Participant: 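I am attaching a structure below and will ask some questions about it afterwards.
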Amino acid sequence: ECMLCNCDSRPRSYKILRSVRHAVGVFGHGMHRTLKNAITISDLSESVHRKWMRSDTNYYRILNPTDFYGRTFNPYDKKNRKDVLFVGRLSPEKGCEILLNACRRIGIPVTLAGDGPLLDQMRLTYPEAKFLGWQGKKEIAALMEGAKILVFPSLWYEGQGLVIPEASAFSLPVVVPDRCAASDGIVDGVNGFIFTGGSEESLIASLSRAWNSDLEEVGNRFYFDFSARRISPEMHAKNLVRVYAAVTDPVASVSDEIFS
């Protein structure tokens with residue numbers, strides 16, 4: 001089933017080659033039977049790895065570093081929040097088209113910040129949407145300060161979804177798919193909104209609910225709930241050093257610990 005799914009940004013032949021190479025490494029050399037320590041970046045990535053690793057594997061959670069990690073709390077102000085925002089690569093696996101269709105059908109404005117192979121086609125197909133192309137850190141910050149909701153419509157599992165903790169720094173509520181690591185830590189209707197991944201109808205329902213909700217409480221809760229997930233590069237490096245020290249010390253026993 002996986003081989004028949006076109007979920008890779010590269011040609012399907014590359015996906016098959018990569019899968020074969022992975023299988024040789026895992027089954028041919030018994031990697032899953034020899035590795036006793038593993039680092040994961042999300043609940044989803046860990047759950048997938050646990051199926052293949054030995055039962056006594058030690059897992060260490062180290063989140064990837066994000067932008068805007070040191071931003072101070074700024075309460076959500078609905079008067080200055082105007083549109084739906086997407087930040088990311090404009091390619092088929094990122095689910096941009098179901099987002100654009102959903103916004104068109106609901107009748108709400110949407111802004112997309114990012115570049116990719118679908119940019120030119122989408123500009124023609126969805127003239128009502130605002131396409132900004134690639135944006136730098138300063139521009140992304142301004143967009144997140146002015147957006148009402150951020151939608152992460154990816155069709156992939158994703159490893160972590162860095163734009164989610166970045167949005168939390170701006171108290172910007174998010175709508176995320178259920179079958180995706182981006183939903184880690186999101187409680188539907190409490191600090192964000194969840195829809196059925198890949199379903200345009202479900203996205204319409206969740207996005208409509210979010211758009212018509214009192215988002216001040218949701219956005220502010222999101223900021224504080226995700227404070228430990230906004231990791232600086234320095235903290236990320238420190239956590240890596242701590243894990244490497246632990247796995248090389250036969251006396252250490254810190255399995256299943258989340259460093260933050």
Side-chain angles (χ1 to χ4, degrees), residues 42 63-90 94-96 98-100 102-103 106 108-114 129-154 158 160-178 180-195 197 202-232 260:
S42 65
L63 302 178
N64 283 325
T66 65
D67 289 332
F68 317 120
Y69 53 85
R71 185 177 173 83
T72 57
F73 176 59
N74 188 18
Y76 185 97
D77 183 0
K78 63 181 180 182
K79 293 183 294 185
N80 298 318
R81 306 281 188 156
K82 300 176 181 178
D83 59 357
V84 171
L85 177 64
F86 168 89
V87 177
R89 179 175 168 78
L90 302 184
K94 293 301 183 180
C96 307
I98 66 168
L99 170 60
L100 288 163
C103 289
I106 300 171
I108 55 179
V110 58
T111 297
L112 295 92
K130 188 175 182 179
F131 294 92
L132 302 178
W134 184 89
Q135 299 291 298
K137 180 178 176 180
K138 181 178 179 180
E139 290 77 19
I140 294 298
L143 289 169
M144 288 189 172
E145 286 177 335
K148 184 172 181 176
I149 300 167
L150 181 138
V151 179
F152 189 87
S154 180
E158 300 289 346
Q160 182 179 345
L162 291 177
V163 73
I164 304 304
E166 290 172 355
S168 74
F170 296 86
S171 305
L172 174 59
V174 296
V175 179
V176 297
D178 56 354
C180 177
S183 63
D184 280 10
I186 298 295
V187 180
D188 188 46
V190 176
N191 62 2
F193 301 87
I194 298 175
F195 71 98
S202 179
L203 176 56
I204 288 173
S206 292
L207 184 53
S208 296
R209 180 161 61 99
W211 188 264
N212 295 304
S213 294
D214 182 4
L215 294 176
E216 286 94 338
E217 183 176 349
V218 175
N220 295 340
R221 176 73 178 268
F222 185 34
Y223 176 92
F224 291 107
D225 285 356
F226 271 62
S227 59
R229 295 173 181 262
R230 295 191 292 273
I231 305 298
S232 70
S260 60

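What you are looking at is a predicted structure, and each value in this text was computed from that prediction instead of being measured. The figures here come from the full heavy-atom set of this structure, side chains too, leaving out hydrogens, waters and symmetry mates.
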Participant: Does Phe193 reach the side chain of Val151, with side-chain heavy atoms less than 4.5 Å apart?
Facilitator: no
Participant: Please check if the number of heavy atoms outside Glu217 that lie under 6.0 Å from its CD is greater than 12.
Facilitator: no
Participant: Do you know the tightest heavy-atom contact between Ser208 and Ile204?
Facilitator: OG-O, 2.7 Å
Participant: If every non-hydrogen atom of Ala141 is compared with every non-hydrogen atom of Phe68, which pair is closest and at what distance?
Facilitator: CB-CE2, 3.8 Å
Participant: Provide the closest heavy-atom pair for Ile98 versus Phe195 in the form atom of the first, atom of the second, distance.
Facilitator: CD1-CE1, 4.4 Å
Participant: Going from CD1 on Ile149 to CG on Leu172, what distance comes out if it is rounded to the nearest 0.5 angstrom?
Facilitator: 8.5 Å
Participant: Just checking, Arg230 and Tyr223: is the charged tip under 6.0 Å from the six-membered ring centre and within 45° of the axis?
Facilitator: yes
Participant: How long is the straight-line distance from OG1 of Thr111 back to CG of Leu150, given to the nearest 0.5 Å?
Facilitator: 11.0 Å
Participant: For a quick test of reading the model, state the closest non-hydrogen atom pair linking Leu63 to Gln160 and the distance between them.
Facilitator: CB-NE2, 3.9 Å
Participant: Where the side chain of Ser183 meets the backbone of Cys180, is there a donor-acceptor pair that is under 3.5 Å apart?
Facilitator: yes
Participant: Check Glu158 with Lys94, please: is the shortest side-chain N to carboxylate O separation under 4.0 Å?
Facilitator: yes
Participant: Any donor and acceptor pair, going by atom type alone, linking the side chain of Asn191 with main-chain N or O of Gly185 inside 3.5 Å?
Facilitator: yes
Participant: Is it the case that the side chain of Asp188 and the backbone of Ile194 share a donor-acceptor pair, with hydrogens and angles ignored and the cut-off at 3.5 Å?
Facilitator: yes
Participant: Quick one: does Arg81's side chain have a donor or acceptor within less than 3.5 Å of a partner on Met144's backbone?
Facilitator: yes
Participant: To the nearest 0.5 angstrom, please state how far the CZ atom of Arg71 sits from the OG atom of Ser168.
Facilitator: 10.5 Å
Participant: Yes or no on side-chain contact (heavy atoms from CB on, under 4.5 Å) for Asp184 and Arg229, after CA distance, side-chain angles and deciding distance?
Facilitator: CA-CA 10 Å; Asp184 280 10; Arg229 295 173 181 262; 3.9 Å; yes
Participant: Might you work through the side-chain contact (heavy atoms from CB on, under 4.5 Å) test for Phe170 and Leu143, ending with a clear yes or no?
Facilitator: CA-CA 10 Å; Phe170 296 86; Leu143 289 169; over 6 Å; no
Participant: Under 6.0 Å between ring centres, would you say that holds for Phe73 and Phe224?
Facilitator: yes
Participant: Taking all atoms of both residues into account, what is the closest heavy-atom pair of Asp83 and Ala147, and its distance?
Facilitator: OD1-CA, 3.5 Å
Participant: Please walk me through it: do Trp211 and Ile106 pass side-chain contact (heavy atoms from CB on, under 4.5 Å)?
Facilitator: CA-CA 10 Å; Trp211 188 264; Ile106 300 171; 5.8 Å; no
Participant: Can you check whether Lys148's main-chain N or O pairs, donor with acceptor, with Tyr76's side chain at less than 3.5 Å?
Facilitator: yes
Participant: Kindly determine whether Phe131 and Leu100 satisfy side-chain contact (heavy atoms from CB on, under 4.5 Å), including the steps that lead there.
Facilitator: CA-CA 11 Å; Phe131 294 92; Leu100 288 163; 4.1 Å; yes
Participant: Which pair of heavy atoms, one from Ser42 and one from Ala181, lies closest together, and at what distance?
Facilitator: OG-CB, 3.6 Å
Participant: Please answer whether the main-chain N or O of Ser171 pairs with a side-chain N or O of Asn74 as donor and acceptor at a distance below 3.5 Å.
Facilitator: no
Participant: Could you tell me if the side chain of Val84 sits less than 4.5 Å from the side chain of Leu99, heavy atoms only?
Facilitator: yes
Participant: Do Ile140 and Asp67 come close enough that some side-chain heavy atom pair is under 4.5 Å?
Facilitator: no
